[in-house]
Undergrad: 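A single structure is presented below for examination.
If you're wondering where the values come from, they're calculated on a predicted model, not measured in any experiment. The sequence lines fix the lettering, A, B, ..., with proteins before strands; numbering per chain opens at 1.
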Amino acid sequence: MINKVVNHAEEAIEGMTDGMTLMLGGFGLCGIPENCISEIVKKGITGLTCISNNAGVDDFGIGLMLHKRQVKKMIASYVGENAEFERQLLSGELEVELIPQGTLATRCLAAGYGMPAIFTPAGVGTELAEGKEVRDFGGKDYLMEMAFEADFAIVKAWKGDTAGNLIYRKTARNFNPVMAMAGKITIAEVEELVEVGELDPDQIHTPGVFVHRIFQGNSYEKRIEQRTVRSV
Amino acid sequence: MINKVVNHAEEAIEGMTDGMTLMLGGFGLCGIPENCISEIVKKGITGLTCISNNAGVDDFGIGLMLHKRQVKKMIASYVGENAEFERQLLSGELEVELIPQGTLATRCLAAGYGMPAIFTPAGVGTELAEGKEVRDFGGKDYLMEMAFEADFAIVKAWKGDTAGNLIYRKTARNFNPVMAMAGKITIAEVEELVEVGELDPDQIHTPGVFVHRIFQGNSYEKRIEQRTVRSV
Amino acid sequence: MLDKNGIAKRIAKEIKDGYYVNLGIGIPTLVANYIPDNINVVLQSENGLLGMGPFPFEGEEDADLINAGKQTITMLPGSAVFDSAMSFGMIRAQKVDLTILGAMEVSEYGDIANWKIPGKLVKGMGGAMDLVASAKNIIVAMQQVNKAGESKLLPQCTLPLTGVKCIRKIVTEMAVFEVDVENGGFHLVERAPGISVEQVRNATAGRFIANNDVPEMQL
Amino acid sequence: MLDKNGIAKRIAKEIKDGYYVNLGIGIPTLVANYIPDNINVVLQSENGLLGMGPFPFEGEEDADLINAGKQTITMLPGSAVFDSAMSFGMIRAQKVDLTILGAMEVSEYGDIANWKIPGKLVKGMGGAMDLVASAKNIIVAMQQVNKAGESKLLPQCTLPLTGVKCIRKIVTEMAVFEVDVENGGFHLVERAPGISVEQVRNATAGRFIANNDVPEMQL
C-alpha cells in the first residue's frame, strides 16, 4: 500500500500559500478539521477562498481564520452565528458567495467524480439563476452548475489507515467524503490512525486513492453549537 | 421505522408487467439478484428492457431470461460469454445498446440523485457520440448522457434490515448501490435479513429510503465465472 | 387562533404512515411532537441522517450527532447515516415524501421567499432552495401576518425568492390553504377554531378563494 | 522479439512508486507479475476495488471477490471496496495514475480501436471507453502486427474508435513508441533486443519517427 502519513498538521499543510482555494469539511462545528484550522491560523496564510458549508462561530472553526482576516472569500450555504463575519461582510473586507447546500455538496461530488458540471433545480427562478444556463429536462427547469476546484481539501474523519482510507462517525460525516474526493491535494486528519488491514475494506467511506496526506490529530474539542436535551 | 419486508420473490415482483424496464445489479455473475431472476423466469414476463452491466451466461443470470425470450432489449457494457444471446442478436430477435461501463453507472447515479443528465468524456469522437450533445468544458469535450428511468431496480445485498437498509459484501457491491437508488420501485434481495438496530447506521451502503421491498433470498448459487487460483 | 404548537399539530395530520419527512427549523420542528404513535414515519435531516430521534437525555449528547439545526439529537433503530451529496440526492430524486418549512412570504402562485431580506444581513439559504425546488409535497408553516400586521400571503412575493411555483399547502394560525399554482390563488380549505372566513380573507393579500362552507379544522 | 511476458516486463518499468494502476485484460494483466518489490503500487479493478492482490489459493476462492476480468482474486491489507459509480468517478477524475490496456489498432494521432470489428459479434466496450477518455497516462500493450501480418500502428484507425488522441505510449514485441498526438507520428524510443530500426519501420504503417541512435530496451 502507498503510505500517506505525515507527522502533524504543519507537515500536512505544506505548500499551502496565500490566495489559495480551500475546501473544509464539516457541518456547523460538527466534523470540522480542528487541527488543520489551528495550523492555518498559526501560519497566518491569507487571501484564502474557503468553500465550506458554514463559517464557524466567533471563536471556533473557520471563525478563527476570519478573526485573523485570513479569508478573502467565503463560499457557503449558511453563515449565521458569527459576529466577526458580519462585521467584515458589512465593511466590505470579506466577499461572500451563498449557494444552496445541495448545490454545494453536488459541485464537490462533481469534482471528485470528474464531471465538469451538474444540473440541479435548486435556485431556478431566483436571483441565484442570474447569468446561469437554465435548461428544461422533461418539462422541469434546471440550473447548470460547475464542479468546484480546490487547491486543498481538508477533511476530518474518525478513523483512518496509513493508506489514507477513511471512516467517519455519525453526522460528522456530512461534507467530508465529497470534499475528500475533490481536492487537488486532500488532507485528512483523524482521531485514530491505524495500520493497513485494521479497517474492513467493505466499510471504508473514502478510499485512500483520494487522500494525499493523513495524520492523527489531537486535543479535539468537538464543540457543540446547540446543546439540546429532553427532560427525563 | 417503515417496514419494507415482503415474504418472497413472488411478492417482491408484484406489479411487474410485460414491456417494463428493469435494472438488475451485479457485475458478471457476481452480486446478481438470483431469486428475483428465477421468479421473473417462472412468471414468464416478456418484452422486458434490461439495464445491467452484463447479460449473464447461457444457463445463469440474465441468460435464463434470454433463454425464455423475455428480453426485448438489453442495455449493457459487455455481453460476451452467452451463445443464446449471440443467436438472438444475430437473428434480430434481441435489440442491444452497448454503453461504456462508467456511463452506465453514472446514468444510474444521476437517476438516484435527481440529476437529469451528466457529462462524461467517455465515447467522445466515437460512434457513441452520434446524435449526442458534445460540449467543451475547459478545453476538453464531454458527451451529455441522460439519467436512466427504470420501472423496477432489482438488487442483491449481503445483509439488510426490515427498514430496507442494505450492506453489500466485497466486489458483489458493484452496480447494486447505484441501481438501488434509481428504480421507481426498488427490490432488494438479501442473504440475511435482520431486525432494525442490528446494522451499524454508519455502515449502511444503501439507506432504506431508496428500497421499497426487501426479502431474504435462499439457495444462492453464487456461481464463479472465471475460477483462477495460484499455485501453492 | 392557533399557537405555534397548534399549527404543528394540524400539520402533523398531513403525515401518513410510511412517510419520509424533512422538517425545517422553527414551527416545523415542533411537528415531530404530534406525529401519531400508530404510524411509522422516518425523519430525514439533510446534514445526512434518516431516522432522527428525540433530543438526548442530559449527559448523553454526542457532538458527532446533530440535526440540520445543529441541535444534539439521537438516532432511532434502523437509522442510516450518509454524506451531504447523497442527502440532497435523495431530496432531488423525491425520495422524501413531505417537506415542512417556514416562510416569510408565499405568493398565490406558490412562490416562496424565506431566505433573504434586502438591507439585512443575509445568513444564507442552507438547504431550503434545494428542498423547495425538489420536493413534490411541501407544506409551509407560518404566521398569516408579519409583525407589522401585513399579510404574508401575497399576489406576488416582495422579497427575493427561494423557489417558484412549489408551495401547494400552507398552514397558519388562522387557516389551511391549498395554493392554485396554475391559476393563482389561496384556496381556503379549513378555518382555525373560532376564526371566520371573513377574518381569514382580511388577512390574505393575494387572491382569496373560499367555498360557501369552509369547515373548521379538527385537531 | 519479445513474448507476451517480455512486453509485460518492459511495461512494468513504467510503473513508479506510489502509483495507482488499472490493468486491462490480456497482456496488461501479466504486468502485475513484474512490478518490483521495492515500490508500492495499488491496483484498481474497475468493478470496484483498490488493492487487488494475487489469485487466491485453491479452496480460498470467494464468489463475491472478483476483478474486472471476472477472475477470482484476493484483497491486500489496506484495500477498499466501492460501487461502480465511485470507481468510474475516480477514473474520470484522474485519480488513477496509469492505465494499461490492449488494442487492435492505434493511429499516429493516438486514437485507439479495441472494442468492435464490423461484421463480427460485438461484445461491448466494458470500461475501456471511460478509461481511455479519462486517463492522463495510458500505455497500450499489443502486438506490432495482426495475424495477417499487417501493422496495427496506422495512419488512422480502420476499426470503430474507442477513443481519440489518448494514447501516448505503446509497447509491442518489437519496440517502445511515444505517440506525437499533436503532429501525428510513432516515435521509436526503444528497440526490443535483436530488433533493428528497419525491422520496426517495416512493421509500422503510420508515420514513423526514429532518431539516429535508438537504444535497445533494458529488461
Undergrad: Restricting to non-hydrogen atoms, name the atom on B:Leu98 and the atom on B:Leu128 that form the minimum distance, rounded to 0.1 Å.
TA: O-CD1, 3.7 Å
Undergrad: Quick one, A:Glu39 and A:His8 - any side-chain contact, counting heavy atoms below 4.5 Å?
TA: no
Undergrad: Kindly indicate whether the side chain of A:Val5, heavy atoms from C-beta on, has any atom under 4.5 Å from the side chain of A:Leu193.
TA: yes
Undergrad: With a 6.0 Å cut-off (strictly less than), is the heavy-atom count around CD of B:Glu198, excluding the residue itself, greater than 12?
TA: yes
Undergrad: Give, as side chain, backbone, both or neither, the part of A:Phe137 having an atom under 4.5 angstrom from any heavy atom of chain B.
TA: side chain
Undergrad: Measure the shortest side-chain to side-chain distance between A:Cys50 and A:Met23 over non-hydrogen atoms and say whether it is less than 4.5 angstrom.
TA: no
Undergrad: With rounding to the nearest 0.5 angstrom, report the CD to CG distance, A:Glu189 to A:Asn35.
TA: 4.5 Å
Undergrad: Is any side-chain N of the basic residue among A:Glu97 and A:Lys73 closer than 4.0 Å to the acidic one's carboxylate O?
TA: yes
Undergrad: Just grab all the side-chain hydrogen bond (donor to acceptor under 3.5 Å, both in side chains) pairs involving residues 99-111 of chain A, residues at least two apart or on different chains.
TA: A:Thr106-C:Arg92
Undergrad: Does atom CD (B:Glu127) have a neighbourhood of more than 12 heavy atoms from anything else shown, all under 6.0 Å?
TA: yes
Undergrad: Applying a criterion of heavy atom separation less than 4.5 Å, what residues of residues 203-223 of chain B form contacts with chain A?
TA: B:Gln203, B:His205
Undergrad: What distance separates B:Asn53 CG from B:Ile75 CD1, expressed to the nearest 0.5 Å?
TA: 12.5 Å
Undergrad: Which residues in residues 158-170 of chain B have a heavy atom less than 4.5 Å from any heavy atom of chain A?
TA: B:Ile167, B:Tyr168, B:Arg169, B:Lys170
Undergrad: Is B:Phe119 close to chain A through its backbone or its side chain, or both, or neither, when contacts mean heavy atoms under 4.5 Å?
TA: both
Undergrad: Identify which of B:Ala147, B:Gly102, B:Ala117 forms the greatest number of heavy-atom pairs closer than 4.5 Å to chain A.
TA: B:Ala117
Undergrad: Can A:Arg135 and B:Glu133 be counted as an ion pair, charged N to O under 4.0 angstrom?
TA: yes
Undergrad: Rounded to the nearest 0.5 Å, what separation is found between the SG atom of A:Cys108 and the CD1 atom of A:Ile51?
TA: 6.5 Å
Undergrad: Can you check whether anything in residues 173-187 of chain A gets within less than 4.5 Å of chain B, heavy-atom wise, and list it by number?
TA: A:Arg173
Undergrad: Any salt bridge linking A:Lys132 with A:Glu145? Criterion: basic side-chain nitrogen under 4.0 Å from a carboxylate oxygen.
TA: yes
Undergrad: How far apart are the closest heavy atoms of B:Asn54 and B:Gly28, and which atoms are they?
TA: OD1-N, 2.7 Å
